[in-house]
Amino acid sequence: MKNDKMIASWDKILPDEAADERMCSKIMDYQRSHSRKDRVISMKIITPIAACFILIVTVTAFMGIQNQWFSSKKDRIIMQEDIKVSEKTNTDLNSSAKDDSDDSKVIDEDVKAFNSELDTPNDSKEHSIDTENIDDRREVTPPVISDEDTALEQDNVIIYYVDNGSIEYKIEFLPLSPKYVFAFWKYYNKIGEEVTLNDIQIENGGSEYSEPGVAGYNGTDSYVMNVKVSSNLKEYYKYVSEDKLIESLKQTFLGYSDDMPVEFNLIFE
Amino acid sequence: MPRSLLRTDKEIAEIYERHSKTVYRVCFAYMKNPMDTEDAVQETFIRLITKKPRLESEEHEKAWLIRTAANICKDELKHWWRKHENIDDHLDLQAEDMPQTDDVFQAVMQLPDKYKTVIYLYYYEGYDSVEIAKILKKPKSTIRNHLHEARNLLKERLGEYIYEK
């Protein structure tokens, strides 16, 4: 296509002098009032907010330490395992107490108290914790949309996720960018930050052509979506069915894409 | 290039000077009349002031403004009142204010909205399809398809003479 014609036609699209002046002065008026407002806000509000924030953090930290709010689920399991170990120690103590009748009464009382909790030795298995099947995934935080990306077009996107063995969905209003679609998919599937989306490509089997003065692209109706993710996603298969997890990712990305791909490939890198 | 998020008056004036024409053309492609275009341009720069994005280079700055302008226009056109407006009520006003344009520009303006920005960025700003995909945050294949479709439509409306041989 002749670029000169296109350039010449767009060159005519300009604001007239009065319009340019009007736009510039309105923008500059806004900038002046905004920067003045920012300075006032920073002086008047930030100081008390900072003081309140420090107070809240201090109180939360104090309460958290007291109530063990910050220990992870895994830590709690380890603590419970410690309790289990201590039970075994008490059992040993029980047998040793029977062997050694010269020991003090205090030990006998301790043993009785322990025996009353554990009626039969077999019952203790029911109280033990099966750490293999426990979902010890860390809590994931909701994705944050960066300031810069607020400029992106936003729309409702259906995010599929696996919940109690079945595929559910939620609708999120978010910037139309694969990184946010993947971030929300990870969030709902409780997948950590270490799993990354490395690339996403849609191939439609088309081909580019170039002739003197003309460059173009011949498209087709066949679409293939290739999604490349970090291989550590596989570590989550122990928590969620592999098939369902991948199906939820596939449905999420196919729903998001405008190009209606007919084939979906998940590639681990 | 300032890295501070809080831009000074001088910096905003410089950014306006650098990119106002590009932003105006992107907005005009959507809004089709000078008055609405003016509002959209103002809104774009006001968003730059309020959102304070961290922009690393002039190219990055231009890309952010183009993307923001396009999305502001799309949002504006989605408004319910605009959909219920009778375009005939504004024909006289538009005719007075409309700049003199040629057949090529008229044909571009008749393209669907999603093609117009791509055509403008490709032919006027000189970006390639990969750069346009980055600016508009769309897959490269989508941009190529839009270019392909837009060219076919222009060819139908303007004939072969718009091609250089």
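Remember, predicted model here, so these are calculated numbers, not experimental data.
- Under a cut-off of 6.0 angstrom, the local environment of CZ in A:F268 is crowded, with over 12 non-hydrogen atoms contributed by other residues, nucleotides or ligands.
- Contacts between B:H60 and chain A at a heavy-atom distance below 4.5 Å involve the side chain alone, from C-beta outward.
- In this structure, the portions of A:D20 lying under 4.5 Å from any heavy atom of chain B include both its backbone and its side chain.
- Going from atom OG of A:S33 over to atom CD1 of B:I49 covers 8.0 Å, rounded to the nearest 0.5 Å.
- Between A:M6 and B:L154, some side-chain heavy-atom pair lies under the 4.5 Å cut-off.
- For the set B:D39, B:I46, B:L147, the count of heavy-atom pairs under 4.5 angstrom toward chain A peaks at B:I46.
- In this structure, A:S9 OG and B:Q106 CD are separated by 9.5 Å, a value rounded to the nearest 0.5 Å.
- With a 4.5 angstrom heavy-atom cutoff, B:Y124 touches chain A via backbone and side-chain atoms both.
- A distance of 11.0 Å separates CD1 of A:I27 from CD1 of B:I15, quoted to the nearest 0.5 Å.
- Contact detail for A:I7 and B:Y123: the closest heavy-atom pair is CG1-O, 3.7 Å.
- When each of B:L65, B:I72, B:T44, B:T68 is scored by its heavy-atom pairs under 4.5 Å with chain A, the top score falls to B:T68.
- Open room surrounds NZ on B:K51; 12 or fewer heavy atoms of other groups in view lie less than 6.0 Å from it.
- Among all heavy-atom pairs drawn from A:M28 and B:I12, the shortest one is SD-CG2, 3.7 Å.
- Shortest non-hydrogen contact noted between B:Y24 and A:L14 is CE2-C, 3.6 Å.
- Proximity to chain B involves both the backbone and the side chain of A:M23, based on heavy atoms less than 4.5 angstrom apart.
- For B:K137, the NZ atom sits in a packed shell: over 12 heavy atoms of surrounding residues, nucleotides or ligands are nearer than 6.0 Å.
- With a 6.0 Å radius and a threshold of 12 heavy atoms from other residues, nucleotides or ligands, A:E269 has its CD atom above the threshold.
- Note that the CD atom of B:Q42 and the CZ atom of A:R22 stand 8.5 Å from one another [nearest 0.5 Å].
- Between B:T37 and A:I13 the shortest side-chain heavy-atom distance does not fall below 4.5 Å.
- Put simply, the side chain of B:R25 gets close to the backbone of A:W10: a donor and an acceptor are under 3.5 Å apart.
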Check: residues 166-176 of chain A side-chain donor-acceptor pairs under 3.5 Å, at least two apart:
unit_1 : atom_1 : unit_2 : atom_2 : d
A:S166 : OG     : A:D163 : O      : 3.3
A:S166 : OG     : A:E168 : OE2    : 3.0
A:E172 : OE2    : A:Y188 : OH     : 2.3

